[in-house]
There are 2 protein chains.
Amino acid sequence: MTDKDTAPALARILVVDDEPQIRHFLQISLKTEGYEVHEAPTGEAGLAHCARKPLDLVILDLGLSDCDGTEVLRSLREWSSVPVIVLSVRDREQEKVKALDLGANDYVTKPFGIEELLARVRSQLRIQDNQTTGSNAWAIFDDGVLSIDLSNRRIYRQGDQVRLTPKEFAVLQVLMKEAGRIVTQPQLLKEVWGPTHTQDTHYLRVLIGKLRQKLGDDPTEQHYIETEPGVGYRFSGNP
Amino acid sequence: MTDKDTAPALARILVVDDEPQIRHFLQISLKTEGYEVHEAPTGEAGLAHCARKPLDLVILDLGLSDCDGTEVLRSLREWSSVPVIVLSVRDREQEKVKALDLGANDYVTKPFGIEELLARVRSQLRIQDNQTTGSNAWAIFDDGVLSIDLSNRRIYRQGDQVRLTPKEFAVLQVLMKEAGRIVTQPQLLKEVWGPTHTQDTHYLRVLIGKLRQKLGDDPTEQHYIETEPGVGYRFSGNP
DNA sequence: ATGGGGCGTAAAGATTCCGTAAAGGATGTC
DNA sequence: GACATCCTTTACGGAATCTTTACGCCCCAT
């Protein structure tokens with residue numbers, strides 16, 4: 001069996017700007033952060049690039065020489081929902097509102113601090129990565145037998161407090177953040193052990209076992225933690 | 001202005017700010033836009049509110065009286081990934097980077113224009129909406145008897161959960177991605193087993209059989225999975 | 001009519017994956 | 001320095017899955 005599943009998947013970013021200096025500056029800065037950077041000097045070239053290659057983020061300057069940046073954004077949004085961070089020298093509120101309502105994810109006014117821009121890039125990529133939006137996350141779970149309060153780090157089972165180790169708690173936290181949804185093993189390993197241990201599935205099984213034991217999960221009856229063989233685990237609240 | 005055609009569910013927004021004037025101002029402005037607005041005067045109250053009620057967006061002032069706003073953000077991100085727009089009087093780049101890296105989705109410096117803030121609110125809600133409905137729209141099927149939710153990896157047939165193996169699920173996923181269209185055998189084999197097994201059609205037949213059996217597909221009556229002899233298979237959505 | 005190719009079902013072997021237990025190593029506390 | 005707790009690794013039994021093999025069916029062309 002070939003292992004094509006565990007790619008580091010460095011994010012691909014397209015910079016659309018007609019000033020070579022800005023492009024070069026962003027190219028350097030973004031590459032240093034470990035991104036795969038592409039460039040386009042015009043709006044037309046940018047659109048063509050978006051259509052040709054899959055991207056994770058677009059940084060778009062509104063002040064393009066060949067056409068209006070807002071038109072580029074409008075065209076792009078007709079078929080793509082890739083995150084777009086707009087750059088502009090214009091600080092007028094109407095410009096910002098227009099760009100944001102056309103589908104921009106963020107609007108940064110030039111001149112900008114590179115650290116802020118990089119932080120906003122990270123933010124957008126993180127949002128994108130959280131495709132399973134945990135808006136239905138439970139801070140508090142209680143079914144009469146088991147009571148979990150993540151915000152206070154307290155867990156009770158039939159009135160008795162359950163002590164979890166840091167790693168056990170971290171795993172439970174990730175599972176509850178995606179309550180009802182599946183969390184893949186690499187995802188779990190990445191969030192708890194870091195990006196370098198996405199293949200050490202051995203201890204994850206041990207830990208899930210201990211967690212089930214402490215939560216009083218009976219394999220024959222209902223599971224708090226369900227196993228999806230070959231994929232991952234899922235916290236199931238009300239079956 | 002975009003027409004909100006499909007979603008009657010009005011978005012729920014929580015404003016966390018210790019200044020009553022700001023809260024009142026935002027309350028008015030947001031309600032005018034049709035949002036359901038909640039208020040919290042302190043970080044603690046804000047966190048409690050988040051834990052109790054589901055929200056679509058949080059507007060968080062960093063300058064709280066009872067505690068540091070960044071700590072509120074940090075606590076919140078332990079278990080929730082609800083979109084957060086941070087407000088702050090501080091314009092220092094390090095502050096922005098810190099808040100964004102703690103999980104903020106956007107950072108607006110006070111004083112701000114209300115139109116810009118509202119546009120950023122719309123942007124965040126749009127992103128959120130795209131991810132829940134847009135990316136998963138194709139992955140949901142329900143005809144009253146069979147219910148398939150690919151993103152959650154859950155399948156129900158007449159209320160009972162159906163368990164699929166990884167390969168079975170992968171095949172179904174490819175078929176549903178091209179719902180209504182034909183998927184050729186080599187294409188199916190390539191996507192599920194990899195490019196080297198485009199001729200091993202033996203097991204594909206076995207697997208389609210098991211899949212039909214589990215989905216309750218009666219060969220005499222309507223087919224969920226149709227066979228196109230000599231070509232491939234097709235998932236028929238509405239027969 | 002007849003033989004071949006593609007299709008569907010069933011069952012058996014091989015392999016992988018999961019869960020549990022237990023031992024060794026790392027870390028922090030008293 | 002002893003002890004406790006936690007993390008990691010190793011080992012193994014059992015279950016589930018994947019793959020192969022075998023066989024019967026239908027359709028179509030010879």
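Just so we're on the same page: letters track the sequence lines, and every chain starts at 1. Computed from a predicted model, the values in this text were never measured in an experiment. We use all heavy atoms of the structure for the numbers below, so side chains are in, but hydrogens, waters and symmetry mates are not.
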Legend entry - Sugar-phosphate only, base, or nothing, as touched by A/Q185 at under 4.0 Å among non-hydrogen atoms: sugar-phosphate
Inset, instruction - For B/Y233, answer base if it contacts any base atom (sugar-phosphate contacts may also be present), sugar-phosphate if it contacts only those atoms, and nothing otherwise; contact means non-hydrogen atoms under 4.0 Å. - result: sugar-phosphate
Legend entry - Any donor-acceptor pair under 3.5 Å from B/E93 side chain to A/E115 backbone: yes
Inset, instruction - Test salt bridge (Lys or Arg N to Asp or Glu O under 4.0 Å) on B/D18 and B/R23 and set out the steps. - result: CA-CA 8 Å; B/D18 60 343; B/R23 283 209 309 276; over 6 Å; no
Inset, instruction - Starting from the C-alpha separation in whole Å, work towards a yes-or-no answer on salt bridge (Lys or Arg N to Asp or Glu O under 4.0 Å) for B/E78 and B/R74. - result: CA-CA 7 Å; B/E78 303 250 317; B/R74 194 197 306 274; over 6 Å; no
Inset, instruction - Locate the shortest heavy-atom distance separating B/G69 from B/L64; write the atom from each residue and the value. - result: CA-CD1, 4.3 Å
Inset, instruction - Looking only at non-hydrogen atoms, find the nearest pair between B/F169 and B/L150 and report the distance. - result: CZ-O, 3.3 Å
Legend entry - Residue B/Q213, side-chain heavy atoms: nucleotide from C/dG8, C/dT20, C/dA10 that is nearest: C/dA10
Legend entry - Listed nucleotide nearest any side-chain atom of A/V206, set C/dG19, D/dT9, D/dT20: D/dT9
Please list each protein N or O that sits under 3.5 Å from an N or O in nucleotides 25-29 of chain D, with the distance.
none

Legend entry - Phosphate contact (C/dT9 OP1 or OP2) by B/R205 side-chain N/O below 4.0 Å: no
d([atom1], [X]; [atom2], [N]) in whole Å:
X	N	atom1	atom2	result
B/H202	C/dT9	NE2	P	18 Å
B/I225	C/dT9	CD1	P	11 Å
B/R212	C/dT9	CZ	C1'	12 Å
A/I208	C/dA21	CD1	C1'	17 Å
B/L189	C/dG6	CG	P	14 Å
B/K210	D/dT17	NZ	C1'	10 Å
A/E228	D/dA16	CD	P	14 Å

Legend entry - 5' priority, DNA chain C, between A/G232 and B/P229 [closest heavy atom]: B/P229
Inset, instruction - Could you tell me whether the side chain of B/E168 reaches within less than 4.5 Å of the side chain of B/I155, counting heavy atoms only? - result: no
Legend entry - Nearest-0.5 Å distance, CE of residue A/M176 to CD1 of residue A/I225: 10.0 Å
Legend entry - Point-to-point distance, once rounded to the nearest 0.5 Å, from CG of A/L76 to SG of A/C50: 5.0 Å
Legend entry - A/K210 atom NZ: more than 12 heavy-atom contacts under 6.0 Å: no
Legend entry - Within 6.0 Å of NZ in B/K110, more than 12 heavy atoms from elsewhere: yes
Inset, instruction - Salt-bridge test for A/E226 and A/R234: reply yes if a basic N is under 4.0 Å from a carboxylate O, no otherwise. - result: yes
Legend entry - Electrostatic pair A/E33-A/R122, nearest N-O below 4.0 angstrom: yes
Write down the protein N/O and nucleotide N/O pairs, taken from nucleotides 4-7 of chain D, whose separation is under 3.5 Å; answer none if there are no such pairs.
| unit_1 | atom_1 | unit_2 | atom_2 | d |
| --- | --- | --- | --- | --- |
| D/dC7 | OP1 | A/K167 | N | 3.3 |
| D/dC7 | OP2 | A/T165 | OG1 | 2.8 |

Legend entry - Axis-to-axis angle between the two ends of the helix from C/dA1-D/dT30 to C/dC30-D/dG1 (five base pairs per end, rounded to 10 degrees): 20°
